[in-house]
Amino acid sequence: MVGKLIESETLRFLKEFIAAPALVGAIAASSPGLAESVTEIAGVSRSSVVVEFGPGTGAITGAIVDKLQRDATFVAMEVSEKFVQATRKRFPGVNVVHDSAVNTGKYLSELGASHCDCIVSGLPWSTFNPDLQQDLLNATYNVLRPGGRFATFMYLMSPALPAGRRFIRQLKARFGNVKVSRPVWLNLPPAVVISVVR
């Protein structure tokens, strides 16, 4: 059963990647090890309002759900309709919004929250053009409360490539200090977690 779930999830990711590589940015879902690392660094278990950018098929969503406080508010923002359907099916109780993360503030407001405590992102930042990166980072900054945490990940070589360096420069310019975790080797491909505090 687990094998079939992983197989169908990988196939779904590959199809979405082939259809829109710049929006998906991955050939496979994040591993449990990466999901654990990014949610721990984001501080999900200590947060009352949690946002996820780009849940995909829900690989990291599951780790968030496991760590959520009982009364926490959680909203996931996803632009792919197929991924929205997949995540809603896998996690029926999760509020998965079919819209760009740029519009997160609107949905938090509808839930009665002015800000969130943390953002966990699975977005392929280095594949985005500079304008979209900037729009998304502005939205990130605007919805995070002071002291809130933002955590995302990049594949191991990405920070050394031009697009990855550009993203980290923009992140540093907006937030200041940027932390890069040790490599998470048990992921395809291996990755590092990038995080900042508002």
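- Formation of a donor-acceptor pair under 3.5 Å by the S37 side chain with backbone atoms of G33 is found in this model.
- With S80 contributing its side chain and F83 its backbone, the two residues share a donor-acceptor pair below 3.5 Å.
- Residues passing the salt bridge (Lys or Arg N to Asp or Glu O under 4.0 Å) test with R165, sequence neighbours excluded: none.
- Summarising the geometry, atom CG belonging to L136 is positioned 6.0 Å from atom CG belonging to L123; distances are rounded to the nearest 0.5 Å.
- Of all the heavy atoms in S126 and G164, the pair that sits closest is CB-N, 3.9 Å.
- When all heavy atoms of F153 and G122 are compared, the closest pair comes out as CE2-CA, 3.7 Å.
- Inter-residue side-chain proximity for V97 and V75 is flagged as met; some heavy-atom pair is nearer than 4.5 Å.
- Atom CG of L186 is surrounded by 12 or fewer heavy atoms from other residues, nucleotides or ligands within 6.0 Å.
- L111 and F53 fall within the same hydrophobic cluster, defined by Ile, Leu, Val, Met, Phe, Trp and Tyr side-chain heavy atoms under 4.5 Å apart, directly or through other members.
- Atom CG of L171 sits about 9.0 Å away from atom OG of S195, to the nearest 0.5 Å.
- Checked against ring pair (Phe, Tyr, Trp, His ring centres under 6.0 Å), F167 has the following partners two or more places apart in sequence or in another chain: W125.
- When all heavy atoms of H115 and N142 are compared, the closest pair comes out as CD2-O, 3.4 Å.
- Rounding to the nearest 0.5 angstrom, the gap separating the OG atom in S45 from the CD atom in Q69 is 7.5 Å.
- Rounding to the nearest 0.5 Å places CG of L161 at 11.5 Å from CZ of R166.
- Proximity of N187 to Y155: side-chain heavy atoms (C-beta onward) are separated by under 4.5 Å at one or more points.
- Counted by atom type alone, E52 and T61 present one or more donor-acceptor pairs between their side chains at under 3.5 Å.
- Remark: side-chain polar atoms of T104 are paired, donor with acceptor, to backbone N or O of A101 under 3.5 angstrom.
- The list of salt bridge (charged side-chain N to carboxylate O under 4.0 Å, His left out) pairs with a residue in residues 136-153, not counting sequence neighbours, reads D117-R145.
- Side chain of S47 to main chain of G43: a donor-acceptor pair is present (N/O by atom type, distance under 3.5 Å, no hydrogens or angles).
- When all heavy atoms of V44 and I64 are compared, the pair lying nearest together is CG1-O, 3.8 Å.
- Within the structure, no pair that satisfies the ring-ring contact (aromatic ring centres under 6.0 Å, His included) test touches residues 178-198, not counting sequence neighbours.
- Looking at K67 and T39, their side chains do bring a donor and an acceptor atom within 3.5 Å of each other.
- Side-chain atoms of V180 and V193, non-hydrogen and from C-beta on, never get closer than 4.5 Å to each other.
- The two residues L68 and V50 come nearest to each other via the heavy atoms CD2-CG2, 3.7 Å.
- Hydrophobic clustering (ILVMFWY, side-chain heavy atoms < 4.5 Å, transitive): Y141 and L144 are in one cluster.
- Between the CZ atom in R169 and the CD atom in Q133 there is a gap of 9.5 Å [rounded to 0.5 Å].
- Looking only at side-chain heavy atoms (C-beta outward), L108 and C116 come within less than 4.5 Å of each other.
- Looking at residues two or more places apart in sequence or on another chain, you find no side-chain hydrogen bond (donor to acceptor under 3.5 Å, both in side chains) involving T73.
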| request: Kindly determine whether V65 and V94 satisfy side chain to side chain contact (heavy atoms under 4.5 Å, CB included), including the steps that lead there. | output: CA-CA 8 Å; V65 169; V94 171; 3.7 Å; yes
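- A heavy-atom distance below 4.5 Å is found between the side chains of P159 and V192.
- A donor-acceptor pair is defined here as one N or O able to donate and one able to accept, closer than 3.5 Å; such a pair exists between the side chain of E78 and the backbone of G56.
- Legend: residues meeting side-chain hydrogen bond (donor to acceptor under 3.5 Å, both in side chains) with D99, ordered by chain and number and at least two apart, are N103, Y107.
- Taken together through direct or relayed side-chain contacts under 4.5 Å among Ile, Leu, Val, Met, Phe, Trp and Tyr, V49 and V197 form parts of separate hydrophobic clusters.
- H98 places a side-chain N or O within 3.5 Å of a backbone atom of V79 that can act as its donor or acceptor partner.
- Annotation: cation-pi pair R198/F150 absent, no NZ/CZ under 6.0 Å from the ring centroid and within 45° of its normal.
- Between F175 and T140, the closest side-chain pair of non-hydrogen atoms falls below 4.5 Å.
- Of all non-hydrogen atoms in S181 and I41, the two that sit nearest each other are CB-CD1, 4.0 Å.
- Within the 4.5 Å cutoff, no side-chain heavy atoms of S100 are placed close to those of M77.
- Between N138 and R174, the closest side-chain pair of non-hydrogen atoms falls below 4.5 Å.
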